[in-house]
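Only one structure is covered here, and it is reproduced in the block below.
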Protein chains: 2
Amino acid sequence: MPAVPVDQSEHRSGALLDHLARRIRLRSESVLAPLGLRPRHLVALTVLRAGGGISQQALAGTLEMDGTNVVGLLNELEAERLVERRRSPEDRRRHVVELTPAGAERLAEAECALATAEDEVLGALEPAERETLYELLRRAATGTGTLSCTEAVADADTRPGDDRC
Amino acid sequence: MPAVPVDQSEHRSGALLDHLARRIRLRSESVLAPLGLRPRHLVALTVLRAGGGISQQALAGTLEMDGTNVVGLLNELEAERLVERRRSPEDRRRHVVELTPAGAERLAEAECALATAEDEVLGALEPAERETLYELLRRAATGTGTLSCTEAVADADTRPGDDRC
DNA sequence: ATAAATGGTTTGTGCTTCACAAACGAACCA
DNA sequence: TGGTTCGTTTGTGAAGCACAAACCATTTAT
């Protein structure tokens, strides 16, 4: 038995994650509705912003949802020009899905609108802690190993003026 | 305009949280099924472990779900003796809900069973980071302000022998 | 060149979760 | 006594989702 003081590997985050996600989703739905979006859309847009130019089945893979349902989701997003399907030049069966400028803008709007919802749920955390949380979640979601902040920041700061919500 | 270098308040965690929660839930369902539990049960048990001896409508409040559906949830949990409803001595309309020893044990089992599911989803994070994530989530979920680790650890370590999964 | 496999699409079915409403008994409070 | 609150039951309806079947266009293998 090692001399390590306490075993802290018992802490399982699953239920907490589920709980918080639900609480945010409840608030998000009402906030997102006026924008014509549902939480699911937001997740898809976020994934596309993180790694665009992706095939539909790759998207279905990272979203871990059935391909047929991805079709419907993309139909809705494309109907509002938030997303674009282009045929891949290498394999013309494939659709390359990408966020349109309008989509990026709408996503930013939605995130702004969600600010209060998140503030409500994550109110117990200080700004720095929320940033830590964000970074941990992002890394877990993208599967990326340790990554300097620079990429994310560079990504978020390509919009010059409208930093304020 | 202050001299702060970059605005990092734009990072919204909602979609990421939703995404990760979904990924964990997908895996959890199959793992939890043999134990006769569903993710929702786990959340309820976790809440009860964190703050037991609570009334049903208080539980409905923190769970943010309809009271009528809480009844059904508790019925299922009580049918397996994981939870106990006792009438409150002060107000005999009220039910005081508490985790039974069997419930605590089952919860621990479930968390163990979920280890692999979480490992899969949170694989990109190192153990220390996962612990940080857990602590942030826990604080956000319980609404508790900055809190020393001691409580959580003391809570988790009342079981002496079975630390290993 | 012909056959088989693949990416995407459409349609339909069914399950599960959930919110919400209505009506009830029991207990509390005025 | 009457109004109110807690828990309960039952039912309804919407939404999210997985899954299957059938289809076209295209790619790949034989």
Side-chain angles (χ1 to χ4, degrees), chain A residues 15 18-19 21-33 36-45 48 53-79 83-98, chain B residues 15 17-19 21-33 36-44 48 53-79 83-98:
Chain A
D18 207 48
H19 186 202
R22 173 182 159 77
R23 289 181 59 193
I24 288 192
R25 197 170 53 244
L26 281 178
R27 290 159 174 75
S28 302
E29 277 162 3
S30 50
V31 172
L32 252 35
L37 294 174
R38 278 167 302 142
R40 182 61 25 119
H41 295 137
L42 209 63
V43 175
L45 291 178
L48 285 177
I54 210 178
S55 98
Q56 279 189 218
Q57 75 174 12
L59 184 60
T62 65
L63 246 37
E64 298 204 50
M65 59 187 294
D66 195 279
T68 63
N69 298 104
V70 171
V71 173
L73 195 65
L74 288 180
N75 286 348
E76 295 169 1
L77 290 175
E78 199 175 31
V83 137
E84 219 178 42
R85 284 194 258 216
R86 301 189 321 271
R87 301 231 81 114
S88 164
E90 309 119 15
D91 184 340
R92 302 206 5 252
R93 291 169 300 182
R94 234 175 270 170
H95 274 161
V96 172
V97 185
E98 256 181 8
Chain B
L17 216 54
D18 206 49
H19 185 202
R22 172 181 160 77
R23 289 182 59 194
I24 290 192
R25 197 170 54 244
L26 282 178
R27 290 161 174 74
S28 301
E29 277 162 2
S30 50
V31 172
L32 251 37
L37 295 174
R38 277 167 303 141
R40 182 60 28 117
H41 295 137
L42 209 63
V43 175
L48 285 176
I54 209 178
S55 99
Q56 277 189 220
Q57 76 174 11
L59 185 59
T62 65
L63 246 37
E64 297 204 52
M65 56 187 295
D66 195 278
T68 61
N69 297 106
V70 172
V71 173
L73 194 65
L74 288 181
N75 286 348
E76 296 168 1
L77 290 175
E78 198 175 31
V83 138
E84 217 179 43
R85 284 193 258 217
R86 299 191 321 270
R87 301 231 83 112
S88 163
E90 309 117 16
D91 184 342
R92 301 203 8 250
R93 292 170 299 182
R94 233 175 273 170
H95 274 162
V96 173
V97 185
E98 257 182 7

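Residue numbers begin at 1 in each chain, while the letters A, B, ... track the order of the sequences.
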d(CZ, Arg87(B); C1', dG25(C)) in whole Å | 10 Å

Could you please spell out the steps behind the side-chain contact (heavy atoms from CB on, under 4.5 Å) verdict for Val97(A) and Leu74(A)?
-> CA-CA 9 Å; Val97(A) 185; Leu74(A) 288 180; 3.9 Å; yes

Take Asn75(A) and Arg22(A), find for each the nucleotide of DNA chain C with the closest heavy atom, and name the residue whose nucleotide sits nearer the 5' end.
-> Asn75(A)

So what does Glu64(A) touch, heavy atoms closer than 4.0 Å: a base, only the sugar-phosphate, or nothing?
-> sugar-phosphate

Short side-chain to backbone donor-acceptor contact, His95(A) and Glu84(A), under 3.5 Å | no

Interatomic distance, Met65(B) CE vs dT16(C) P [rounded to whole Å] | 16 Å

Do the side chain of Ser55(B) and the base of dC6(D) come within less than 3.5 angstrom through a donor-acceptor pair of N or O atoms?
-> no

Please determine if Glu29(A) and Arg38(A) form a salt bridge, counting it only when a charged side-chain N lies under 4.0 Å from a carboxylate O.
-> no

Calculate the interatomic distance between Asp66(B) atom CG and dA21(C) atom P; express it in whole Å.
-> 9 Å

Ignoring hydrogens and angles, does a donor from either the side chain of Arg93(A) or the base of dT6(C) sit under 3.5 Å from an acceptor on the other?
-> yes

Take atom NE2 of His95(A) and atom P of dG7(C), then tell me their distance rounded to the nearest Å.
-> 13 Å

Measure from the side-chain heavy atoms of Gln57(B) and tell me the nearest of dC6(D), dG8(C), dC20(C).
-> dC6(D)

Looking at every strand, decide which applies to Asp91(B) at a 4.0 Å heavy-atom threshold: base, sugar-phosphate, or nothing.
-> sugar-phosphate

Does a nitrogen or oxygen in the side chain of Arg94(B) sit under 4.0 Å from OP1 or OP2 of dA26(C)?
-> no

Test item: side-chain donor near acceptor, Arg85(A) and Gln56(A), under 3.5 Å | yes

Roughly how far, to the nearest 0.5 Å, is the CZ atom of Arg23(B) from the CD atom of Glu64(A)?
-> 5.0 Å

If you pin Ser88(A) and Glu29(A) to their nearest nucleotides in DNA chain D, which one's is more 5'?
-> Glu29(A)

Nucleotide dT17(C), atom P - distance to NE2 of His41(B) in whole Å = 8 Å

For atom CG of Leu26(A) and atom P of dA19(C), their distance in whole Å = 6 Å

Could you check how far CD of Glu90(A) sits from C1' of dT6(C), rounded to whole Å?
-> 15 Å

Between Arg38(B) and dT17(C), does any side-chain N or O lie under 4.0 Å from OP1 or OP2?
-> yes

Considering only dC18(C), dT8(D), dC19(D), which nucleotide approaches the side chain of Thr68(B) most closely?
-> dT8(D)

Spacing between Arg92(B) atom CZ and dC29(C) atom C1', to the nearest angstrom | 15 Å

